[in-house]
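Throughout, protein chains are lettered first and strands after them, A, B, ... in sequence-line order, and every chain is numbered starting at 1.
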There are 2 protein chains.
Amino acid sequence: MSCNKYNKIDKDVLKRLKEIVGHQNLIFDNEEKLEPYSKDEVPDSKYSHMPEVVVKPSTSVEISSIVKLANKRKIPLTPRGAGSGLSGGAVPIYGGIVISLENMNKIIELDRKNMMITVEPGIVSNEINEYLREYNLFYAGYPMSMETCFIGGNVAENAGGGKAVKYGVTSRYVIGLEVVMPNGEIVEYGGKLLKDVTGYNMVQLMLASEGTLGIFTKIILKLLPLPKYQADILCLFDSTDNAVNSVHKIITGTGITPVSIEYMNKCALEIVFKYLNESIQLHNAEGTLLISFDGNSPDRIEEDYTAVCNFLEKQKGLLEIYVADNLSTSERVWKLRINLAEAVSVLSKHQAAEDLVVPPAAINKLSAFLNKLSAKYCLKVPCYGHAGDGNLHIRIVAPEDWGKNKWEELLPIIQDELYRYTYNLGGRLSGEHGIGHKRKKYIDYFLSESHLNVLKTIKKSLDPNNIMNPGKIFDI
Amino acid sequence: MSCNKYNKIDKDVLKRLKEIVGHQNLIFDNEEKLEPYSKDEVPDSKYSHMPEVVVKPSTSVEISSIVKLANKRKIPLTPRGAGSGLSGGAVPIYGGIVISLENMNKIIELDRKNMMITVEPGIVSNEINEYLREYNLFYAGYPMSMETCFIGGNVAENAGGGKAVKYGVTSRYVIGLEVVMPNGEIVEYGGKLLKDVTGYNMVQLMLASEGTLGIFTKIILKLLPLPKYQADILCLFDSTDNAVNSVHKIITGTGITPVSIEYMNKCALEIVFKYLNESIQLHNAEGTLLISFDGNSPDRIEEDYTAVCNFLEKQKGLLEIYVADNLSTSERVWKLRINLAEAVSVLSKHQAAEDLVVPPAAINKLSAFLNKLSAKYCLKVPCYGHAGDGNLHIRIVAPEDWGKNKWEELLPIIQDELYRYTYNLGGRLSGEHGIGHKRKKYIDYFLSESHLNVLKTIKKSLDPNNIMNPGKIFDI
């Protein structure tokens, strides 16, 4: 549906929106205040678009009224969390109404007996764990943006993060959702249940639907007992190949499943070292693995990381292993990983951020291909990410002497090569950042026409007016 | 859609089916050979229905041709695995074509580097683990019928089983599916990927869709390193209340997540003891927990089960704990649990098998309510199941002096009481056995009209002729 099929916000709609959310929870006709809602963390301004109006509802009933109004008047809606997304998913590309969930930021209930927590979508993800610490419980989702992102966005994108090797991604922990559907009806899916086959698994269909199938208004998360101890090892290798070649062997070779197996190449590390003024001796390492362990016994953790260290010492090209076995050293090494995205962002305005995922044993091939691309086009390619999951965040950074035109001419050619290679490895376009607006033009590199038709059929059946976050994932 | 909207199999259709699968893979006009395909493990014959024809395809292309033919001629299709289901899901209630997956029973590929296996749907679930043992890998699904059920059925029902407390249910391990969709198109969802947000999560929508949204023809499973050791403890309590009251406290109280926390009440245990001629001293226990542990170090396992034993000894009503710390004693105690369903089935022909799931900390309430129901109606209520997941298998067994009429009159009244109580606990109709044909009349006790409408909308959009396993989960 093209944007001219939608209606603009008129006085009547505005009046009705004011009645629903109250004057103080509506932004209109104020460019400065609307502007922050026109973009997410994708730096390229071509993916931004101004909303006509922003509303900040406080209840699912208010959202239901807004959705029903939008349906009646054919006005596009864009649900928005913290705006920390990396795919343009929360950008109102057809204008219309942005529904910001920022006022819905409460913990509704901690159920300690069932080890479950019910929250509103607008709570900052990390605040959930801060709240839970005193109860010795934790939510195992761990996106790198956890100090700013909202849990609702994590659910909408099925965020991965730094603990997925052991704990899995967001979807493993979301067991119940209250959703305002595209027709405005409020439906509860799942519940405080560890298993449930009473009807289709709508909770899992909603995960990663990027706000195109409904707006989450309550989220029930399964919790785990908080592990008492953590340790990390930072492993330096003489080449990218030798670093990534080890990744898939760690679990099969030791029988141990670490919490994380994160990768950073030299280019990425140098940038973040400079950014943080870090002085750990790197021994000219070309590739680095950050591997984490947790549990309730320091002895068991030490046994586990010692076994992994012994295994890695037998692998080719290991230069050095640093062990971080207390909170302050752990924080120091993780700070490198957590700050990488921001550190890299300031490098150049001509850069593309990729989120490719491949079978975990194929990341060595993807890494080698990146080295080739880098040489062929004289690119900087800082590369890092969740190697244990096969998910690499790759920045394609233009050489300093490329102007805007050359960048815009060559980037599609580079991406074409990269995506075709990734697909041939059995890979996909996004592991955790989502397709959104930014990547939708490439989705047919990865999904067949029949596959896309199934997705579009579901979308059209649930949202016949295409008002719910239109223009994201695919066009219909 | 009522059955008279479908067409019968005629000579033309039969000829075409023979061309597709070959004469030897088609059963028609032979009541004796068709009869086994008219039922599953639900004992009540009122849930059976004869198919008009059974086909046994060998490839997804053959299945695609059958589905396209059925669509053109408006003939209902019922996909079928091993027929070990407990909800009438594989019963062709409108006649038509049963597509038996029994010939599609191969392991397609073991990918040791990625710790993934690709299989056809008709392989017996346990055979996957037998095949994997020599590679020190395992598939963590563990349905109690693993020696007969097919993996395709496990996926279609999202089977739970005996290891879900630690390992989760089937859905955690299914990462890729090839599916013949209701329009006959062959689509691959997911892949050899540990995470992927490239489009909606169709893999998870297919799980537990009970063959109503498509037929799985290839399944990619994520594997884990095979734990080297196992131990089990059988814990006897003086009352059902005291046994089930402990369940949700084990994990929060010790920080340890066992592999299993299984429950059996006295009635269930007595039946299976008699069935197996077992002589373990029961000390008049009214409720029993079977708790399992695994790992790579016998010391760690002993530490863990000792911690759990110490914890349970502080709980009310513990009579005795038996430790099974070697393969033969482990097998002996698990034999009790695995044989329960069969042992109970022979008790009476007037019995209903329930598969209720509630928040795990609410099973004490559900158990107490069962005791009340049992007293009120003079019922035997053997009860057992996956207590750690909040999932209880409950048999409602009529007193010996009830005739057929009284049973058929009172069962709906008993179920009405039980389902209302379960719903009020936040529970649902099925934890792992599925809704199928048998439970669909009760689904609106648990799902709102809006919720059901969403499920029906998706079904209708993907299967407009309603040919794919019609009459299961809900009627449209």
Engaged part of [X] at the chain B interface, taking heavy atoms whose separation is under 4.5 Å:
X: A/M116; result: side chain
X: A/L429; result: both
X: A/V358; result: backbone
X: A/F474; result: side chain
X: A/H433; result: backbone
X: A/V169; result: side chain
X: A/P359; result: both
X: A/V187; result: side chain
X: A/N296; result: side chain
X: A/R428; result: both
X: A/I473; result: side chain
X: A/I443; result: side chain

Please classify the contact of [X] with chain A as side chain, backbone, both or neither, using a heavy-atom distance under 4.5 Å.
X: B/F446; answer: side chain
X: B/L447; answer: side chain
X: B/M181; answer: side chain

Problem set entry | Between A/N114, A/D111, A/I256, A/L207, the one whose heavy-atom pairs under 4.5 Å with chain B are most numerous |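 Among A/N114, A/D111, A/I256, A/L207, the one with the most close pairs to chain B is A/N114.
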
For this session: May I ask you to decide whether A/D304 forms a salt bridge with B/R300, counting only side-chain N to carboxylate O separations under 4.0 Å?
Result: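 A salt bridge is present here (some side-chain N lies under 4.0 Å from a carboxylate O).
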
For this session: Could you note down all residue pairs passing side-chain hydrogen bond (donor to acceptor under 3.5 Å, both in side chains) where residues 446-457 of chain A supplies at least one of them, sequence neighbours left out?
Result: A/S450-B/E185

For this session: Kindly check if the number of other-residue, nucleotide or ligand heavy atoms within 6.0 Å of OH (B/Y442) is above 12?
Result: yes

Exercise. Who are the ring-ring contact (aromatic ring centres under 6.0 Å, His included) partners of B/Y229, not counting sequence neighbours?
Worked result: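 So B/Y229 forms no ring-ring contact (aromatic ring centres under 6.0 Å, His included) with any residue.
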
